[in-house]
Amino acid sequence: MLNTFPDLLAYGLLAPFLLRITLGLVFVRFGWHKCGRGRVEKAAFFDSLGWKPGASVAMGLGALELAVGALLIVGIYTQLAALAAAVVLLGALILKKQSPQGIASSRGFLALLFIIALSLIVSGAGFFAFDVPL
């Protein structure tokens, strides 16, 4: 089938770049919330799940999310960061099903982020990254 805009195919690496930056910013926001003003709320949530001590779990998960977000934004180890993001998001989707009030994001939003993470695993970093295909 013919492409409607074949000249735009030269910018094919722009899509992974945009997805990488978007997912990275969302993960920085998630991590910042868990380590900042939402720390007490998230600690209570993890305590209610039986994951003691909840404060340590919330801080550890927040630090992981901040690191993954930073790696994605900068474009270093993008596929590994996207894999870590996919695992975190899959866990969030499972927790959202078990305890709907514990996670503020909707299941649709989490599923969309999960799909973005999976696409970055397959497509790579795109433009403006330090990752180099081997």
Side-chain angles (χ1 to χ4, degrees):
M1 176 174 258
L2 295 175
N3 287 311
T4 308
F5 302 109
D7 292 337
L8 293 179
L9 295 177
Y11 300 104
L13 293 176
L14 189 61
F17 165 71
L18 294 173
L19 294 174
R20 175 174 56 88
I21 296 299
T22 302
L23 186 63
L25 289 173
V26 169
F27 260 73
V28 166
R29 183 175 169 267
F30 283 172
W32 193 262
H33 179 73
K34 282 182 186 67
C35 292
R37 58 185 154 82
R39 182 178 59 231
V40 174
E41 171 191 331
K42 289 300 174 183
F45 171 66
F46 288 124
D47 279 334
S48 72
L49 294 174
W51 297 359
K52 306 277 183 191
S56 295
V57 174
M59 287 298 290
L61 187 58
L64 174 68
E65 289 173 347
L66 281 171
V68 165
L71 288 173
L72 287 170
I73 290 169
V74 174
I76 300 174
Y77 299 115
T78 301
Q79 289 175 312
L80 290 176
L83 180 62
V87 170
V88 168
L89 289 165
L90 186 60
L93 280 166
I94 292 169
L95 285 177
K96 181 70 175 176
K97 185 169 179 149
Q98 290 176 350
S99 177
Q101 303 304 324
I103 297 177
S105 301
S106 70
R107 285 188 358 205
F109 181 64
L110 294 172
L112 177 64
L113 293 176
F114 178 72
I115 297 300
I116 290 173
L118 290 180
S119 73
L120 287 173
I121 293 170
V122 174
S123 68
F127 284 141
F128 310 114
F130 291 100
D131 286 349
V132 178
L134 297 176

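For this chain, numbers begin at 1 and follow the sequence in order. Just so you know, these numbers come straight off a predicted model, no measurement behind them. Heavy-atom basis, side chains included; hydrogens, waters and symmetry copies ignored.
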Sequence neighbours excluded, every pair satisfying salt bridge (Lys or Arg N to Asp or Glu O under 4.0 Å) that has a member inside residues 60-80
Lys34-Glu65
Residues at least two apart in sequence or cross-chain that pass side-chain contact (heavy atoms from CB on, under 4.5 Å) with Ala85, listed by chain then number, are Leu23, Phe27, Val68, Ala117
Pairs touching residues 80-128 that satisfy ring pair (Phe, Tyr, Trp, His ring centres under 6.0 Å), sequence neighbours left out:
Phe17-Phe128
Roughly how far, to the nearest 0.5 Å, is OG1 of Thr78 from CD1 of Ile121?
11.0 Å
Within this structure, what is the CG-CG distance for the pair Leu90 and Leu113, rounded to the nearest 0.5 Å?
13.0 Å
In this structure, CG of Leu89 is separated from CG of Leu112 (nearest 0.5 Å) by 10.0 Å
Would you kindly confirm whether Val87 and Leu72 end up in one hydrophobic cluster when ILVMFWY residues are joined by side chain heavy atoms under 4.5 Å apart?
no
CG-CG distance between Leu120 and Leu19, expressed to the nearest 0.5 angstrom
5.5 Å
Using every non-hydrogen atom in the two residues, find where Leu93 and Ala111 come nearest and quote the distance to one decimal.
CD2-N, 3.9 Å
Distance col, row Leu66:CG vs His33:NE2, nearest 0.5 angstrom, shows 12.0 Å
Value rounded to 0.5 Å, distance of CZ in Phe45 from CG in Leu95:
5.0 Å
Looking only at heavy atoms, which two atoms of Arg20 and Ala129 are closest? And how far apart?
NH2-CB, 3.8 Å
